Amino acid sequence: QVQLVESGGGLVQAGGSLRLSCVASGSTFTTYGMAWFRQSPGKERVFVAAISWIAGGTTYADSVKGRFTISRDDAKRTVSLEMNSLKSEDTATYYCAADKFGRGSSNDPSYEYWGQGTQVTVSS
């Protein structure tokens with residue numbers, strides 16, 4: 001079992017930056033693939049970014065490439081999402097997810113564990 005707790009959300013103006021963090025507890029973290037997804041009201045949850053266990057390979061949604069950066073610190077059992085040049089369309093609840101097979105996939109069903117979410121609101 002893995003427990004995930006996100007933090008760092010908030011209200012920011014368009015063009016600004018935020019850094020989200022997700023702390024994992026309860027099981028081996030270093031071999032897990034980690035990802036961020038987001039969900040806006042009335043819409044499905046969508047992939048944002050992922051980082052695999054092997055070599056820390058990263059994958060990004062086209063909508064955030066060049067603006068967002070995912071990283072992990074295995075010693076601190078933390079995965080972070082640095083978000084720059086934020087747009088109003090980035091407004092959503094952001095969820096951290098963990099995949100015990102370490103794949104770092106963009107596929108939602110690949111992830112067995114989810115955090116409770118943190119709200120990001122970008123004002124235009």
Side-chain angles (χ1 to χ4, degrees):
Q1 282 285 349
V2 173
Q3 293 79 45
L4 303 172
V5 179
E6 303 100 331
S7 62
L11 174 64
V12 63
Q13 288 188 333
S17 300
L18 278 176
R19 183 179 180 88
L20 305 183
S21 294
C22 172
V23 179
S25 61
S27 186
T28 303
F29 174 77
T30 56
T31 61
Y32 279 62
M34 302 297 296
W36 290 92
F37 288 76
R38 66 187 182 188
Q39 186 171 24
S40 303
K43 296 186 178 180
E44 292 186 353
R45 187 167 61 195
V46 298
F47 170 75
V48 176
I51 186 165
S52 67
W53 166 51
I54 298 175
T58 57
T59 305
Y60 295 92
D62 288 343
S63 59
V64 306
K65 279 182 181 177
R67 300 189 299 123
F68 291 12
T69 302
I70 188 171
S71 61
R72 63 189 298 160
D73 184 334
D74 290 341
K76 296 182 179 179
R77 304 172 65 87
T78 299
V79 61
S80 299
L81 186 68
E82 184 74 31
M83 305 186 296
N84 298 314
S85 302
L86 283 162
K87 306 175 182 179
S88 57
E89 50 263 44
D90 295 319
T91 294
T93 300
Y94 283 72
Y95 296 91
C96 175
D99 161 29
K100 64 183 179 182
F101 296 108
R103 293 164 291 190
S105 169
S106 61
N107 186 24
D108 190 309
S110 296
Y111 294 88
E112 298 87 7
Y113 305 105
W114 294 84
Q116 82 290 347
T118 185
Q119 177 66 37
V120 172
T121 302
V122 183
S123 63
S124 57

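What you see is a predicted model; the values in this text were computed from it and never measured.
Between the side chain of Arg38 and the backbone N or O of Thr93 there is no donor-acceptor pair closer than 3.5 Å. For Ser110 (side chain) and Asp108 (main-chain N/O), no donor-acceptor pair under 3.5 Å exists by modelled atom type. Ser52 places a side-chain N or O within 3.5 Å of a backbone atom of Gly57 that can act as its donor or acceptor partner. Between the side chain of Gln39 and the backbone N or O of Glu44, no donor-acceptor pair lies under 3.5 Å. Side chain of Tyr111 to backbone of Trp36: no donor-acceptor contact under 3.5 angstrom is found. Remark: side-chain polar atoms of Thr31 are not paired, donor with acceptor, to backbone N or O of Phe101 under 3.5 angstrom. Panel note: side chain Glu6, backbone Gln116; a donor-acceptor pair is recorded below 3.5 Å. Of the possible polar contacts, none joining the Thr91 side chain to the Thr121 backbone as a donor-acceptor pair under 3.5 Å is found. A donor-acceptor contact shorter than 3.5 Å is absent between the side chain of Gln13 and the backbone of Ser124.
The hydrophobic clustering, which links ILVMFWY residues whose side-chain heavy atoms are closer than 4.5 Å, places Trp114 and Val120 apart. No chain of hydrophobic side-chain contacts below 4.5 Å, direct or via other Ile, Leu, Val, Met, Phe, Trp or Tyr residues, connects Ile51 to Tyr95. In the hydrophobic clustering of ILVMFWY residues, with side-chain heavy atoms under 4.5 Å counting as a link, Tyr94 and Val12 come out together. A chain of hydrophobic side-chain contacts below 4.5 Å, direct or via other Ile, Leu, Val, Met, Phe, Trp or Tyr residues, connects Val122 to Val64. Residues Val79 and Phe68 fall within the same hydrophobic cluster, defined by Ile, Leu, Val, Met, Phe, Trp and Tyr side chains chained together at heavy-atom separations under 4.5 Å.
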### Task
Start with the C-alpha gap between Phe47 and Phe37, add the side-chain angles, then the distance that decides, and say whether ring pair (Phe, Tyr, Trp, His ring centres under 6.0 Å) holds.
CA-CA 4 Å; Phe47 170 75; Phe37 288 76; 5.6 Å; yes
### Message
Could you go through Ser17 and Asn84, starting from their C-alpha distance and side-chain angles, then the distance that decides it, and tell me whether this counts as side-chain hydrogen bond (donor to acceptor under 3.5 Å, both in side chains)?
### Response
CA-CA 4 Å; Ser17 300; Asn84 298 314; 2.8 Å; yes
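Here Leu20 contributes atom CG and Met83 contributes atom CE; the two are 3.5 Å apart, rounded to the nearest 0.5 Å. Rounding to the nearest 0.5 Å gives a distance of 7.5 Å between OG of Ser105 and CG of Asp99. Note that CG of Asp74 and OH of Tyr32 are 12.5 Å apart. Values are rounded to the nearest 0.5 Å. With rounding to the nearest 0.5 angstrom, the OG atom of Ser25 is 4.5 Å from the CD atom of Gln3. Considering OG1 of Thr59 and CZ of Arg103, their distance stands at 12.5 Å, rounded to 0.5 Å. Atom CE of Met34 and atom CG of Leu81 lie 11.5 Å apart (nearest 0.5 Å).
Classification of Lys87 and Asp90 as a salt-bridged pair fails, no side-chain N sitting under 4.0 Å from a carboxylate O. Note on Arg19 versus Glu82: salt bridge recorded, some NZ/NE/NH1/NH2 to OD/OE distance being below 4.0 Å.
Nearest heavy atoms, Cys96 versus Leu4: O-CD1, 3.6 Å. Residues Thr78 and Ser21 share a closest heavy-atom pair of CG2-CB, 4.4 Å. Among all heavy-atom pairs drawn from Ala24 and Val2, the shortest one is CB-CG1, 4.2 Å.
Thr69 is listed as a side-chain neighbour of Tyr60, based on a closest heavy-atom distance under 4.5 Å. Side-chain contact between Leu18 and Leu86 is present, with heavy atoms from C-beta onward closer than 4.5 Å.
Figure legend: cation-pi geometry between Arg72 and Trp53 absent, as NZ or CZ is not positioned both under 6.0 Å from the six-membered ring centre and within 45° of its axis.
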